[in-house]
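Worksheet for the structure shown next.
In this chain, numbering begins with 1 at the start of the sequence shown. As the structure lists them, so they are numbered: ligands from 1, and atoms in each ligand from 1.
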Amino acid sequence: MTPIVTVIGSLNYDLVTFTTRVPRAGETYQASSFETHIGGKGLNEALAVARLSPKNKVITRMVGKIGTDDFGRNLKQCLLEAKVDVEFLETIEGPSGVAVIMVEEDSGENRILITAGANGHLTMSDEEYEKIFDKSVDGKGGFVVLQNEYPDTCKSISWLKENRPQINIAYNPSPFKPELVTRKLWRMIDFLIVNEGEAQDVAKLLLPDVIFEASIEGFKKMAIEIQKLLNQENIQTVVITMGSKGCIYYTGKEEKPSFVKAQKVDKVVDTTGAGDTFFGGVVSNLALGYDISKAISFATIASSLAIQKKGAAEGIPIYSEVIEKLHGVK
Ligand code: RIB
């Protein structure tokens, strides 16, 4: 059976300014250039899963909402071109989600402000969840990919765990919402991906008595403790991404967490969406049945290619590019 990956979440039109530096409060500063790009964590993740899978080997679906503006039409078109199933992408009256992004040219680092627009209306009734996840979607090994850029993450997690427990819930708690960090909710997550800052915030809230150093060893220790908070029935994996350093992963089955170094690149152009590319790359590999170490190596290459291009969605490479790089084929 072809694995199904369903992404529930945001679609944004990214308004991106490239600048040598970010202005201070009250300051007007001359930027270098301005571009519009396709984005939104949900859309980026869906595109990443679709592009980073071999043709017709994974079914990718996007559940979300767009507005009636041109932005919305462009966002949908981009998904259609990548062969993402948009049956549950609804167009509603009003504006689409927008992200205002500043990218610093020297480092490629970004600062992002999102306005929800149509994403703010993405809430679903039990009947709607039933329709999206009808019995044909209840396949073992399938994934649902979630983040916090829509208001229904908590309901998505609890509905799925109660009604479709075999589907792996893959979750990136970004943007970080402390009210969603509870042991009860975490116990329902099968695959958690957090960056260093998010991992520290989770630890502060759920593991207040444990002291972690801000070092690779400290984050490994944190990975062990966070993994224990997750659902232990399905894929039970935690990944802590550490930007240009690399990432740590742990499933609870290995003796200890593993650290994988990031790929060195000549020039970081734009880091926007690199995390989403990494997330989509890992999930597509896991859905295809590869083990976590293969999935992490694949995603590490995918995100290193993404940061060398401008734009969140546009920077996502395709499967064959990653495979060529992985095997050193020129
Ligand atoms: O993760 C990157 C994304 O965050 C951008 O595409 C932007 O739209 C925001 O959602």
Test: Lys310 cationic atom under 6.0 Å from Phe18 six-membered ring centre, within 45° of axis:
yes
Is it true that the NZ or CZ of Arg164 lies under 6.0 Å from the centre of Phe143's six-membered ring and within 45 degrees of the ring axis?
no
Taking only heavy atoms of [X], which atoms of ligand 1 are found under 4.0 Å from at least one of them?
X	result
Ala312	6 (O)
Ala99	7 (C), 8 (O)
Glu149	4 (O), 9 (C), 10 (O)
Gly40	5 (C), 6 (O), 7 (C), 8 (O), 10 (O)
Asp276	1 (O), 2 (C), 3 (C)
Gly39	6 (O), 8 (O)

If only atom types and distance count, is the side chain of Asp69 paired as donor or acceptor with the main-chain N or O of Pro95 below 3.5 Å?
no
Qualifying ring-ring contact (aromatic ring centres under 6.0 Å, His included) pairs, either residue in residues 290-321, two or more places apart:
Phe298-Tyr319
Are any of the N or O atoms of Thr272 closer than 3.5 Å to those of ligand 1?
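In this structure, Thr272 places no N or O atom under 3.5 Å from an N or O of ligand 1.
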If you measure every N/O of Asn44 against every N/O of ligand 1, is any gap under 3.5 Å?
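Asn44 vs ligand 1: N/O contact under 3.5 Å present.
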From the list Tyr250, Phe278, Phe279, side-chain contact (heavy atoms from CB on, under 4.5 Å) partner of Val239 resolves to Phe278
Is there a donor in the side chain of Ser107 and an acceptor in the side chain of Glu104, or the other way round, less than 3.5 Å apart?
no
